[in-house]
Amino acid sequence: MALCRSTWLSTLFNKAPTIAASAFSRCNFAALIAFSCLYIMKSTEELSGIAQQVRRDIVRMVHAVNSGHPGGSLGCTDYFVALYFHILNHRPDGFDMNGHGEDLFFLSNGHISPVWYSVLARSGYFPVSELATFRKLDTRLQGHPTTHEGLPGIRVASGSLGQGLSVALGAAQAKKLNGDPSIVYTLHGDGEIQEGQIWEAAMYAAHHKIDNIISTIDVNGQQIDGPTEKVMSLGNLRAKWEAFGWTVCEMEGNDMAEVLKGLTHAKSLTGQGKPIMILMTTSMGKGVDFMEGTPKWHGVAPNDAELANALGQLTETLGDY
Amino acid sequence: MALCRSTWLSTLFNKAPTIAASAFSRCNFAALIAFSCLYIMKSTEELSGIAQQVRRDIVRMVHAVNSGHPGGSLGCTDYFVALYFHILNHRPDGFDMNGHGEDLFFLSNGHISPVWYSVLARSGYFPVSELATFRKLDTRLQGHPTTHEGLPGIRVASGSLGQGLSVALGAAQAKKLNGDPSIVYTLHGDGEIQEGQIWEAAMYAAHHKIDNIISTIDVNGQQIDGPTEKVMSLGNLRAKWEAFGWTVCEMEGNDMAEVLKGLTHAKSLTGQGKPIMILMTTSMGKGVDFMEGTPKWHGVAPNDAELANALGQLTETLGDY
Amino acid sequence: MLNFEITGSNDTRSGFGAGLLEAGKRNPNVVALCADLIGSLKMDAFLKEFPERFFQVGIAEANMMGVAAGLTIGGKIPFTGTFANFSTGRVYDQIRQSIAYSGKNVKICASHAGLTLGEDGATHQILEDVGMMSMLPGMTVINPCDYNQTKAATLAIADFEGPVYLRFGRPKVPIFVPADEPFVIGKAWHMHHGKDVTIIATGHLVWKAVEAAQQLEAEGISVDLINIHTIKPLDVDAIVKSAAQTGAVVTAEEHQLIGGLGSMVAQALAVHQPTPLQMVGVNDSFGESGTPEQLMKKYGLESQDVYAAAKRVIAMKK
Amino acid sequence: MLNFEITGSNDTRSGFGAGLLEAGKRNPNVVALCADLIGSLKMDAFLKEFPERFFQVGIAEANMMGVAAGLTIGGKIPFTGTFANFSTGRVYDQIRQSIAYSGKNVKICASHAGLTLGEDGATHQILEDVGMMSMLPGMTVINPCDYNQTKAATLAIADFEGPVYLRFGRPKVPIFVPADEPFVIGKAWHMHHGKDVTIIATGHLVWKAVEAAQQLEAEGISVDLINIHTIKPLDVDAIVKSAAQTGAVVTAEEHQLIGGLGSMVAQALAVHQPTPLQMVGVNDSFGESGTPEQLMKKYGLESQDVYAAAKRVIAMKK
Ligand SMILES: Cc1ncc(C[n+]2csc(CCOP(=O)(O)OP(=O)(O)O)c2C)c(N)n1
Ligand SMILES: Cc1ncc(C[n+]2csc(CCOP(=O)(O)OP(=O)(O)O)c2C)c(N)n1
Ligand SMILES: [Mg+2]
Ligand SMILES: [Mg+2]
């Protein structure tokens, strides 16, 4: 059973698949030696190509229903692609809620569901064609991610901000109880960090030495009402997380090579008694020039002309859904 | 109209009352020049004497109803006495909910109501005899402080932890809107700081440059289930508050001279664009040897023998209620 | 006559925004707070006019409720603004202790209530807010039905002393309440007198109830139509009197049946005037993504559903 | 026969503590979390026996609910423990999204519910928790009446798949449920059959209802007595059948009347079987400090109050 059904993607890019030794190193979890893993690592260029397609998916999805959140989704696309196509040790074709022996990902800022849905579909969790149902009646691709409709890849609902870190910490502790050495990843918006529950969770993680978690904050400097600095300044984010007992890394989130380096580095810091936080600098709306660096496109869909303009800036690498 | 009806207390200690120039300096608030203030400053020894009496009140109150929280109350007695008998510019005999032109105090860790009730009564907010009604049916001295029964001196209910800082910040901002230069004080338990709402409020205060607030944390290192370090470590508290943009002071909370110095120093730091936090080290149960330094007496009342033992360690300076 | 002229169409939240601006002009003590949703709450006009009386709190709703409580202590009249779920469930204990139990003059103003916010889906579609707020002693709970009524309600609560929960929605809906219709907190608006069946509706369901009533009257069924804009304190008198006359009651609301207006009417009837009742509302289910119209249909909140409930309850009469 | 032998006296929270320990022994996936109230929740024995399966979260209830949701993802069965107000109102949105809507197998265990926690007063005396939890789709809500029933309920919910709210109290109360009485979630316990009046009680009020029923029976009034330990899903069948037989219903609970068991019974009756109803509960008021006994008396939750309600409702029968 392949951990990641991406051979066809590699083929698309005409690159020879390479075996990722690092993936094997995490497979010493007894119960899982059974499904030994052929993990296909992709080159940075391949990943960037996938990211182009994901960005096309995002703008097409929100345009089709005239609702949804393109800004944050576009900014976090490189992170999602790196995570799902390179970093995660996961099983897209045999989704199991408990995820024993798999790395887990939790999206706390649930409004950027478009990027997650696209990456989940493109990495094999469900048919790419289902992206066309986003936010439509009876869809499994609800406006905000949910387990309620049984969409593979989702392990908890989000949308109400500030809750995902706590959930991920529980999942990480369950892994420890189960003797599962996998890693739990989370993503948060920078505005989301204003929620008090985040700081409750931060304190909890350090106290319980939860060192199998790698959290990332999408530091795009924007939230709905404007720049974070003006709405509710986060001050010195590194100092805050360090004071709360986390190991803090920084990473440029819109440069695929940097993202890969940053996530790989963070991985090397797990198991050292401290939770890990990556402050990821991104540009909201990245990849579509008129959406970049402004909160205007936080939760607004492009009209037909804007869609055409956006698609003109993004190469179709894997075929539109 | 006297700002503080404490001449009789000073008399008790046979010390000549001194006029506090500092009190006048805060009285430039137009609407209040009317009630110009004869503020009586007391010596450190006088204040320590009052603290002895307050500690007697505390153990007697909780003993009488076999419920309530003596530990934190005893630890914070010196702070309360210093605040109400020396620092606050307030009107005990004309309680006004809005408190225009007065300094305000908010108790966020409402379970230590006994010390607050004693100090309120002893500084003239209501008859000392009413302390005997603590936690009894139909009392104004509810288990946790409330405005619901109209007790003078209380401006918001507390008891559910973590809410008081937010309320105080709103009151401080109202003062700014009203052109009232008075100061708002708050007290919090160290365990209480684990609540996320505290950190929401912390961020808000820094962002809005609320510099007319002086908060204090009772760092007694204890909470209900044991030492804070074991239950949920607060880590580096100074670093946390500094990272959240506050000016941080430290103060020994069971030394009256130090408390006076600490609060006076904090006052000198107001008006500089930053909220002020005092980390106050105390010993839980201070003043009653068998209650000291343990969480055991967080919320347990002494029996008859223990009461006698406790009272034997505390001088009756102002007359028991 | 059941002849309510539709004078336009607008969202109730815009009625709130207009009312807030007007309240701010009338009373300098009116202040506003928002948790990173200024545009959604239509608070822009107030912010522009009174920047120094506006407090941005970011995404920190619990803190917002506390700060609002504190502002009252300086004599201010704070209006908080965020979505309805973050105005209630996210901050219930804060409202309970720092506002309701403390008797603070805070106006909790909540947008995007119910299913009709549409595509965002269940995490945002609170259907329990009226129930939560109504259980709080001392809380006044208001759910107006159109732009004009929401604006009037906003002005009325600014003048009212005490904590208030004001609930409104996202989509444009018909405007049919006369702009000069007085808004009296706690007093039901008896929209039409009839003798065969009582229909009691609140919020977006009032217009659906009007449509249902028109259809029923066209069939010769006489409808007593009551607009309950104030759910707490409930106008029990109006309800019980009407039930006594018609002997059959329908309630209609954009809320869970458990804990909503229907449950409060059921209680009032059972105690004072046991009467057959049929309730229109969401039946113990979360919402989901879809257009407001699709969702109202799927979850049984259309005028057809009110009509059908009326027919059912009439059949229950002895 | 209304002959329930009192076999002792203990607090329901101790029944929870004993049940939790036992559940932990039976199933290694059972884990527990507590927010700085181990002793109050009687979780000490579990902690001692299974330290590695116990998670102290400090005073951070919102985080506790999230962590519990996350633990289920690794196949654990988490029991959270804190006071009832901090188990519900403080964390409603967290429960709603991360537990109820996400369908997580979390057991929310809540002590010190209602007035009977006594001296701590209103901020701690939640009277709205049952209403809040019952509005949540997919939530099971249980309010047992004595030590034995609470222990049995704790064991039952450990075996049940899905989110559960388990409510219990602080003071010692009579033990009268047989230790071997089976606990079936969702099934009312029909304690006594009668024909003149139905009394439906939950939690601490069940014993008060037994006393009231004894008094009524002594006067020749035949009482149908139903113990509703599971408030959601409500055993509507049992209630409607009983109401059809007696034609008069009384409900009794340590909760606000608005949103509580009484309101759910009123809804069920109005829709299925309109019947006169009298409700015993707290009437739109906060609690206060006092002994449990004083408070039950002052707020009208004594057996005398149940008795009087029965007399009133019988008088309402045509
Ligand atoms: C608890 C909560 N409060 C408010 C909202 C409404 N809301 C959705 S996204 C958002 C802004 C989030 O900012 P950020 O986390 O920086 O995400 P970005 O806009 O950068 O994508 C807000 C306020 C929410 N979803 N949840
Ligand atoms: C929101 C909330 N959670 C839990 C409690 C129960 N509780 C009351 S006091 C307390 C411990 C507080 O610790 P700390 O703030 O350090 O006060 P201290 O024990 O030192 O007086 C707890 C958990 C509460 N009152 N409020
Ligand atoms: Mg952002
Ligand atoms: Mg402490």
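Residue numbering restarts at 1 for every chain, and letters A, B, ... go by the order of the sequence lines.
Without hydrogens or angle criteria, D/His229 side chain to D/Lys187 main chain gives a donor-acceptor distance under 3.5 Å. No donor-acceptor pair closer than 3.5 Å links the side chain of A/Trp116 to the backbone N or O of A/His111. With D/His255 contributing its side chain and D/Val130 its backbone, the two residues share a donor-acceptor pair below 3.5 Å. Although no hydrogens or angles enter the test, the distance criterion places no donor-acceptor pair under 3.5 Å between the side chain of A/Glu130 and the main chain of A/Ala121. Side chain of A/Arg155 to main chain of A/Asp96: a donor-acceptor pair is present (N/O by atom type, distance under 3.5 Å, no hydrogens or angles). Checked by atom type and distance alone, the side chain of D/Gln97 never pairs as donor or acceptor with a backbone atom of D/Ser102 at under 3.5 Å. At distances below 3.5 Å, not a single donor-acceptor pair connects side-chain atoms of D/Thr140 with backbone N or O atoms of D/Val164. Although no hydrogens or angles enter the test, the distance criterion places a donor-acceptor pair under 3.5 Å between the side chain of D/Arg13 and the main chain of D/Arg170.
Interface remark: of the candidates A/Gln173, A/Gln197, A/Met203, A/His208, A/Gln197 forms the most heavy-atom pairs closer than 4.5 Å to chain D. Of the residues considered (A/Gly159, A/Ala168, A/Gly99, A/Ser158), A/Ser158 shows the highest number of contacts with chain D, using heavy-atom pairs under 4.5 Å. Per-residue heavy-atom pair counts under 4.5 Å with chain D were compared for A/Val184, A/Leu177, A/Leu165, and the maximum is reached by A/Leu177. Top candidate by heavy-atom pairs under 4.5 Å with chain A, chosen from D/Thr72, D/Ile99, D/Asp93, is D/Asp93. Highest contact tally toward chain A, considering only D/Ala69, D/Gly103, D/Gly75, is held by D/Gly75 [criterion: heavy-atom pairs under 4.5 Å]. Ranked by heavy-atom pairs under 4.5 Å with chain A, the list D/Glu61, D/Arg96, D/Arg53, D/Gln56 is led by D/Gln56.
A salt bridge (charged side-chain N to carboxylate O under 4.0 Å, His left out) with A/Asp211 holds for exactly one of A/Lys267, A/Lys274, A/Lys175, A/Lys176; it is A/Lys176.
Taking non-hydrogen atoms and a 4.5 Å limit, the residue list of residues 14-35 of chain D in contact with chain A, ordered by number, reads D/Val31.
Contacts between A/Ser166 and chain D at a heavy-atom distance below 4.5 Å involve backbone atoms as well as side-chain atoms. Using a 4.5 Å cut-off between heavy atoms, A/Ile154 does not touch chain D at all.
One side chain, A/Thr133 or A/Thr139, offers a donor N or O that lies under 3.5 Å from an acceptor on the other.
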